[in-house]
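Quick note on labels: first sequence line is chain A, next is B, and so on, each numbered from 1.
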Number of protein chains: 2
Amino acid sequence: MTATPHQRSTILEVAREAGASKTSVSRYFGDERERLSPGMQTRIATAAQRLGYRPNQMARSLKGGHSRLVGMLVADIRNPFTVAVMHGVEQACQAHGYSLMVCNTDNDAARESALLALLASYRVEGLIINAAGSPDQQLQTLVDQGTPLVLLDRELGRTEASVVGLDNALAIDMALDHLQAQGYRRLLYLSEPPEQASPRHVRLARFQHGCEARGLTGHAHDQSLEDTEALSQAIRHFLTEGDSGQKAVLCANGNVTLAATRILLASGARLGETGLLGIDELDWCELVAPGISTLAQPTDAIGRSAVACLMRSQDNDATPTRHRHAPTLIMRGSTRNTRP
Amino acid sequence: MTATPHQRSTILEVAREAGASKTSVSRYFGDERERLSPGMQTRIATAAQRLGYRPNQMARSLKGGHSRLVGMLVADIRNPFTVAVMHGVEQACQAHGYSLMVCNTDNDAARESALLALLASYRVEGLIINAAGSPDQQLQTLVDQGTPLVLLDRELGRTEASVVGLDNALAIDMALDHLQAQGYRRLLYLSEPPEQASPRHVRLARFQHGCEARGLTGHAHDQSLEDTEALSQAIRHFLTEGDSGQKAVLCANGNVTLAATRILLASGARLGETGLLGIDELDWCELVAPGISTLAQPTDAIGRSAVACLMRSQDNDATPTRHRHAPTLIMRGSTRNTRP
DNA sequence: TTGTAGGCGTTATCAT
DNA sequence: ATGATAACGCCTACAA
């Protein structure tokens with residue numbers, strides 16, 4: 001009993017303490033506990049207990065190549081959608097005996113690149129990425145080295161990987177159908193700039209196509225949310241033209257819904273009379289009178305689905321798959337048209 | 001050029017490719033690049049480039065004992081406050097050359113225990129924990145083994161570690177001062193059960209103490225939020241007694257604010273006339289008319305502060321410190337008393 | 001059922 | 001300035 005803090009004990013010390021060999025201890029903590037005699041098991045258990053022994057995962061992974069780590073790279077960790085998916089991912093990882101290493105790029109391509117390298121250096125056995133930039137090159141390298149890869153929400157043109165996310169086309173269709181059924185005829189679609197992320201592009205295109213197909217008048221605004229002024233003008237202009245009771249705003253994601261709601265309320269618009277529908281469910285949507293209708297993404301399912309993809313591509317090097325999840329319409333007052 | 005996917009290249013291969021020794025390559029990727037001749041440097045750089053070499057962190061950590069990993073264990077990853085702090089932590093970690101491994105316990109003590117063991121097995125060099133249960137024993141073991149530890153938001157009685165979080169007493173005092181100044185006299189304090197987390201306890205006690213000191217009438221409700229009915233009754237009962245224009249509700253955290261707002265609105269209460277003040281700033285607080293006043297926590301600062309603690313306790317084994325951060329009052333309509 | 005020996009990729013030590 | 005070599009803690013043949 002020394003004055004210095006306990007050193008971390010190793011397998012060797014446990015072995016000595018238990019009067020056994022390293023191998024036996026290794027077996028005890030591995031998947032071969034059964035093969036050990038009961039006596040041996042207790043001796044090892046006691047010794048390990050006394051020494052506070054925990055196998056060193058680093059050493060373990062070095063030898064066997066099993067880091068038991070899954071990496072997740074997200075573009076915006078403060079986005080509730082991201083967090084909700086993360087939650088599903090983490091649960092699924094735990095269920096499969098993996099741990100999750102989450103890194104946040106804050107939508108910065110340079111950081112993304114660095115973090116990708118980092119994750120690789122920890123030899124993650126699978127990678128789930130919600131891409132900020134277009135790190136195709138790096139990702140392809142990882143794939144070539146045998147790391148299973150799943151693209152979350154945002155696709156990347158040149159990378160061959162599984163994709164998991166919302167069924168964007170379906171979501172837009174559901175939105176348009178709902179708005180039309182509620183009697184709205186003039187639609188304003190609000191999105192962030194579509195270049196940066198594939199779903200934005202898909203949703204926008206589908207919106208325009210869908211409006212035509214249904215004989216609806218559709219306009220789109222896709223500037224950065226940072227430019228509050230532009231957004232504000234777009235909305236105000238939309239509010240002044242044509243009949244009220246005919247007009248509805250469709251928000252491409254949760255951030256947009258937040259920004260748009262702010263402006264709509266400031267402009268004195270009455271929700272419902274002016275329709276408002278958002279993609280992404282947020283916990284405050286029911287609070288803003290008369291409630292904001294949303295298309296909720298099945299975030300948990302998406303997260304689990306992503307991990308399932310990873311696990312599948314570990315076994316057989318299967319072809320990349322696509323998993324498009326359907327949203328759920330949550331109807332509230334903001335699309336209950338009082339003057340249809 | 002084989003048909004099989006690229007194997008991950010090792011330091012040895014790079015050494016061969018560059019016509020150098022493992023040592024030189026190691027030096028190149030370590031902190032001793034300077035010591036190498038320019039020629040050597042380029043040769044290694046080129047070789048590494050061509051082979052797509054990245055040092056294996058696992059091996060690195062095995063040898064040197066430096067995992068370059070910080071662990072963070074949070075009780076509820078879907079809580080925006082948690083995520084905001086996480087963001088600060090991650091930034092600070094990156095700035096110090098560390099990576100962050102985040103684990104979520106979902107407020108489950110058993111999971112917490114397991115995840116703690118896990119983090120230990122990855123030999124994290126520091127641990128930030130937002131405790132769900134009371135894993136004092138395990139934590140003390142970690143501390144004894146030399147792992148710097150920081151308690152986030154929630155303290156633990158028997159563990160000797162630094163604590164970082166809100167200045168709870170100050171926050172309550174600020175809340176009471178503000179409410180009193182706005183003319184509210186009867187206060188209802190809404191909290192989650194205080195046993196589970198130390199700040200809840202501190203806040204509750206301070207509330208009761210503070211009301212007395214100021215001559216305010218204070219009631220408290222601290223049942224689980226799951227029991228919507230009980231909460232609802234408490235609020236409704238509070239609304240019916242005494243004069244309106246005198247009454248205000250104080251919410252102990254963001255979750256409570258959400259639940260309470262829901263009920264207040266459903267009860268037809270007019271915010272402002274009935275005061276509402278919440279601890280934790282949420283992005284929807286300005287949306288719910290006439291805006292919900294909050295005490296915002298400096299989440300980024302708290303996160304950074306936590307990492308700073310970690311770094312400090314690595315160098316010298318300094319005594320545990322306490323860092324209580326002051327909140328910021330964001331006044332909105334919900335405490336602008338129209339009938340003072 | 002148990003033990004022995006070698007090596008995973010890296011860094012540290014000691015040469016040269 | 002550069003290299004050879006021995007650990008780091010563990011796992012996995014192979015042997016007994």
Next on the checklist: Measure CZ/A:R43 against C1'/C:dT1 and give the value in whole Å, please.
Outcome noted: 11 Å

Item to check | d(CG, B:L62; C1', C:dG9) in whole Å | outcome: 9 Å

Item to check | Residues from residues 24-34 of chain A lying under 4.0 Å of DNA chain C - heavy atoms | outcome: A:S24, A:R27

Item to check | Nearest-Å distance for atom pair NZ/P, residues B:K63 and C:dG7 | outcome: 18 Å

Checklist outcome for this item: Contact span of DNA chain D against chain A, any nucleotide atom under 4.0 Å from a heavy atom, 5' to 3', runs D:dG9 to D:dC14

Next on the checklist: When you compare the side chains of B:E125 and B:T147, does any donor N or O come within less than 3.5 Å of an acceptor on the partner?
Outcome noted: no

Checklist entry - Got a donor-acceptor pair under 3.5 Å from the side chain of A:S21 to the base of C:dT4? => result no

Checklist entry - To the nearest 0.5 Å, what is the distance between CG (A:L156) and CG (A:D136)? => result 5.0 Å

Item to check | Of A:A59 and A:R35, the one whose closest DNA chain C nucleotide lies more 5' | outcome: A:R35

Checklist entry - Between A:Q57 (side chain) and B:S121 (backbone), is there a donor-acceptor pair under 3.5 Å? => result no

Next on the checklist: Can you say whether a donor on the side chain of A:K22 sits under 3.5 Å from an acceptor on the base of C:dT4, or the other way round?
Outcome noted: no

Checklist entry - Do B:E112 side-chain atoms and B:N107 backbone N/O form a donor-acceptor pair below 3.5 Å? => result no

Checklist entry - How far does CG of B:L151 sit from OG of B:S198, to the nearest 0.5 angstrom? => result 8.0 Å

Item to check | Pair B:R35 + B:E32: basic N to acidic O under 4.0 Å | outcome: yes

Next on the checklist: Measuring from atom OG1 of B:T82 to atom CG of B:N130, what distance do you get when rounded to the nearest 0.5 angstrom?
Outcome noted: 5.5 Å

Next on the checklist: Tell me whether B:E17 is salt-bridged to B:R43, with the criterion being a basic N under 4.0 Å from an acidic carboxylate O.
Outcome noted: no

Item to check | CZ/A:R111: more than 12 non-hydrogen atoms of other groups inside 6.0 Å | outcome: yes

Item to check | Rounded distance in Å - CE (B:M58) to C1' (C:dG7) | outcome: 18 Å

Item to check | Residue whose closest nucleotide on DNA chain D lies nearer the 5' end, B:G19 versus A:T23 | outcome: B:G19

Checklist entry - B:R54 has an atom CZ; how far is it from atom P of C:dG9, in whole Å? => result 17 Å

